[in-house]
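Here the structure comes first, spelled out in structure tokens, and everything after it is commentary.
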Amino acid sequence: MSIKTQLDPTVEGYKSIFNNSMDAVLLTHLDGTIFYANAAAEELFGYTQNEICKLGRSGIVDTTDPNLVAMLDERTRYGRSRGELTFIKKDGSKFPGEISTNVFIDKNGIMDTFMIIRDISRRKNAEKSLKESEERYHSLFKNNHASMLLIEPNTGRIVDANPAASSFYGYSHEDLVKMNIENINNLPDYDVHSEMQKSKTFQKNNFLFRHTLANGEIRDVDVYSGPITVGGKNLLYSIIHDITHRRQMENEMKDSLDESLRVQDELITLIENIVDEVWFTDTQGNIILANAAARKFQKEIKSEALSLNKLIAKSEIYDTNGSLRVKDGSPLLRVLNGEILTNYDETVIFPNGEKQYRQVSSAPIKKEYNKIMGAVAVVRDITIQKKIEESLRVSEEKLRLAQTRGEVGVWDWNVVTNDLHFTPELEQLYGLSPGTIKTYDDWRELTHPDDIEKIEFERDNQIAQHKPFDLEFRIFHHSGEMKWLSTRGGATYDDNGQVKRVLGINTDITNRKKVEEILQTTLLRFYKILSSMSASVLLVTADNKVEFVNQEFCDYFHLNEEPDYFIGYTSLNMTRVIKSAYRNPEEALLRINDIVNNYKPVHGEEVLMRDGKSCLRDFVPLFIDGKPYGRLWLHLDITERKKTEEKLHESNTKLIKEVNDHQQTELRLKDLVNKLKHSNKELEQFAY
């Protein structure tokens, strides 16, 4: 032992100091016997001082810890040691501790040790969490299928790239980390750095760029970017998606506008001749389109209401469970809040006492940016079907499900034997001869593979809860055509609650699915037409948030960003952005505030712009159920019309002047004639 500490012989004096220490302090003999422990040690280990002294080193230290031997050896050689050991509390739990120990000689010349122990569990857990977090980050970054880059925001230097980025750009990882983002991005360097600063300060996180690959090919990319801290460095992450094909598709869609209009006409004809009722509403539930079947229903119940909710407002409506429906639970309101209802059953009792069972399939109509603009509902009168089901409930379940009408087929699956029975009507829906389907596996072979797992999971989940199921799936018809079927059914159980049989009814819904698909496609095209209107459009919600801006608005007010950039702007920020476009910005701002505060329609108000243009401004307050929903601003450029009016005014003024001059000339001529007549009379008198 080369180093020894000479402690003041008055060890008792030091004990008073140790008792006030925040760390655990122990005084021990070299053999591990403990003869003093301070209050912090008692709190740390859960023992009293006497208990700690009785236990000794082996009672509070995990003697299997390999660090123990090394620290004892270091203390023997140098008179002190420092490191980490595993300690044991009174409750048997173990914890990591940091220990510092020194050898000292007391007043009797005996060598003892004092040690300071600190619980480092929190630090260890933090280190472990940090390590796991870094491992997750590296795993996510390296294994992500999307191209990902880490960029130094001030210089544009590419700090790191994942394998997907190397594959997409055609550069090795070593080459990419030697490059700047300007080497890839086709924007001018100044614009690239400007966009990076927007991402760095959270002003913008989604960008559309054109990037050049290693082979010289230029690709359209959609980039999501934002700040991230990696290894203590403030960087930008960029997630890159190749949208070249999508852009090409968009261009093709623009080129096919005439075809879209033709399809729209065909769609309207198809909807008009559908047997089921088809209703289209706006966001307030007002009917904007109804086919012949819907108009017939409206005529039969003698209602001229323009709102779908008010159409049967005087009737009693019950949900499937038999409870009287409250207004907030109506399918239309649920759909306008974003739900999609498929084959939703309802019961309507009209004022004359007539009862009708109706099946509603409804979905919200959305813009490209997912804003609900209205709803479409397909309603089928299923009164006859319901009455049949009610009359069959008194019979055995198989008999009740077997009796079907129209294009409905029944099936019965014996879960125990795996035998599956199809009624002839159901096999006819598949285009098969009677008796073709014999087992459950036969059915699976005819079902679209993308639908099997989903419908089996949902069906089994409902059966496990002793509930009926209602599903939709695709099948391969014998003709080779793919068709849609809906299936409704339930299970029978034994005394132990185990499933014995599963029974159901299938209905061909292929036509309905085609109609829904055509409707959705046409409506999307219709909203694109709205976005390309010649008038500038700005829609602000009641909570003062920008909800819609078209490209014409951005062009008219000289805004460089895409319309979607302004979605979510507050009305105050939007006003600040556009007010400089007016000839008198402050006066324009005051007038805008007056219009909003007054909240009454304004039509055809002329406004002068800074660039010399004139426009007509409309303000339309919007309401839903009597409550303000938002406000719509429309601006129409009338500069050319004003010039034409001014030229016409000048022409009219000139013409009026010429007419006045002509009239003055006629008056002078008339006066001259009168004078001549008078002179002639005088001459005649003189001659006489």
Side-chain angles (χ1 to χ4, degrees), residues 274-276 342-343 345 357 359 361 378 380-463 467-493 499-517:
I274 291 177
V275 177
D276 296 332
T342 303
N343 296 338
D345 289 352
Y357 296 96
Q359 188 178 82
S361 293
V378 179
R380 174 175 294 181
D381 182 357
I382 58 171
T383 305
I384 296 177
Q385 179 183 333
K386 280 291 183 181
K387 288 180 178 179
I388 292 174
E389 291 176 359
E390 289 176 2
S391 64
L392 290 176
R393 284 195 186 98
V394 297
S395 304
E396 294 182 356
E397 191 166 11
K398 181 178 179 179
L399 179 62
R400 177 179 62 83
L401 294 174
Q403 296 178 4
T404 60
R405 293 191 56 174
E407 297 182 351
V408 177
V410 179
W411 52 270
D412 179 359
W413 174 31
N414 187 321
V415 178
V416 178
T417 64
N418 205 37
D419 292 335
L420 180 63
H421 172 70
F422 271 26
T423 61
E425 293 82 4
L426 182 54
E427 288 185 303
Q428 186 177 357
L429 289 181
Y430 280 78
L432 301 174
S433 302
T436 303
I437 300 296
K438 291 183 173 59
T439 67
Y440 183 79
D441 294 331
D442 293 338
W443 169 79
R444 287 183 106 258
E445 290 181 1
L446 295 174
T447 305
H448 198 291
D450 293 343
D451 296 345
I452 290 177
E453 290 186 5
K454 177 177 180 295
I455 62 176
E456 286 183 332
F457 174 79
E458 294 179 1
R459 178 200 65 201
D460 294 345
N461 184 53
Q462 291 296 100
I463 290 175
K467 293 181 179 180
F469 52 82
D470 187 350
L471 308 168
E472 295 179 358
F473 61 94
R474 292 167 290 177
I475 66 167
F476 298 110
H477 192 269
H478 184 66
S479 64
E481 179 185 2
M482 186 180 71
K483 290 195 173 187
W484 277 93
L485 296 182
S486 73
T487 182
R488 296 180 182 180
T492 60
Y493 309 84
V499 179
K500 295 193 303 182
R501 289 161 52 203
V502 182
L503 308 98
I505 298 176
N506 284 3
T507 306
D508 188 344
I509 58 170
T510 305
N511 290 336
R512 192 195 76 197
K513 283 290 186 178
K514 290 180 179 178
V515 170
E516 291 174 354
E517 183 179 353

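These figures come from a predicted structure and were not determined experimentally.
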- Query: Going by heavy atoms in the side chains, are L485 and D508 under 4.5 Å from each other?
  - Reply: yes
- Any side-chain heavy-atom pair of I475 and N506 under 4.5 Å: no
- Query: Side chains of R474 and D450: does their closest heavy-atom pair fall under 4.5 Å?
  - Reply: yes
- Item | Positive for ring pair (Phe, Tyr, Trp, His ring centres under 6.0 Å) with F422, one of W413, W443, Y430 | Y430
- With a cut-off of 6.0 Å (strictly less than), are more than 12 heavy atoms of other residues, nucleotides or ligands near CD of E481? yes
- Message: Could you check whether E517 pairs with K513 (Lys NZ or Arg NE/NH1/NH2 to Asp/Glu carboxylate O, under 4.0 Å)?
- Response: no
- Task: Output the distance between atom CG (D419) and atom OH (Y440), rounded to the nearest 0.5 Å.
- Result: 14.0 Å
- Query: Distance from L432 atom CG to H477 atom NE2, nearest 0.5 Å?
  - Reply: 7.5 Å
- Task: Scan K454, R459, E456 and name whichever one has a side-chain contact (heavy atoms from CB on, under 4.5 Å) with L471.
- Result: R459
- Message: Measuring from atom CD1 of I437 to atom OG1 of T423, what distance do you get when rounded to the nearest 0.5 angstrom?
- Response: 11.5 Å
- Note on the structure: Contacts of D276 meeting side-chain hydrogen bond (donor to acceptor under 3.5 Å, both in side chains) (sequence neighbours excluded), chain-then-number -> R380
- Query: Rounded to the nearest 0.5 Å, how far apart are NZ of K483 and CG of N511?
  - Reply: 8.0 Å
- Task: With the side chain counted from C-beta on, respond yes when V415 and V502 share a heavy-atom pair under 4.5 Å apart, and no when they do not.
- Result: yes
- Query: Hey, mind stepping through I452 and F473 against side chain to side chain contact (heavy atoms under 4.5 Å, CB included) and telling me if it holds?
  - Reply: CA-CA 8 Å; I452 290 177; F473 61 94; over 6 Å; no
- Note on the structure: Nearest heavy-atom contact between L429 and G409 is CD1-N, 4.1 Å
- Note on the structure: Distance col, row R512:CZ vs T342:OG1, nearest 0.5 angstrom, shows 6.0 Å
- Side chains of T487 and F469: closer than 4.5 Å at any heavy-atom pair? yes
- Query: If you measure from CD on E472 to CG on D451, what distance do you get to the nearest 0.5 Å?
  - Reply: 10.0 Å
- Are any of the side-chain heavy atoms of D442 and L420 separated by less than 4.5 Å? no
- Message: Under 6.0 Å between ring centres: does that hold for F476 and H448?
- Response: yes
- Would you name the heavy atoms of T436 and E427 that are closest together and state the gap between them? N-OE2, 2.9 Å
- Message: For a quick test of reading the model, state the closest non-hydrogen atom pair linking R501 to N414 and the distance between them.
- Response: CG-CA, 4.1 Å
- Message: Could you walk me through whether T383 and D381 satisfy the side chain to side chain donor-acceptor pair (under 3.5 Å) test, starting with their C-alpha distance in whole Å, then the side-chain angles of each, then the deciding distance to 0.1 Å, before giving a yes or no?
- Response: CA-CA 6 Å; T383 305; D381 182 357; 2.5 Å; yes
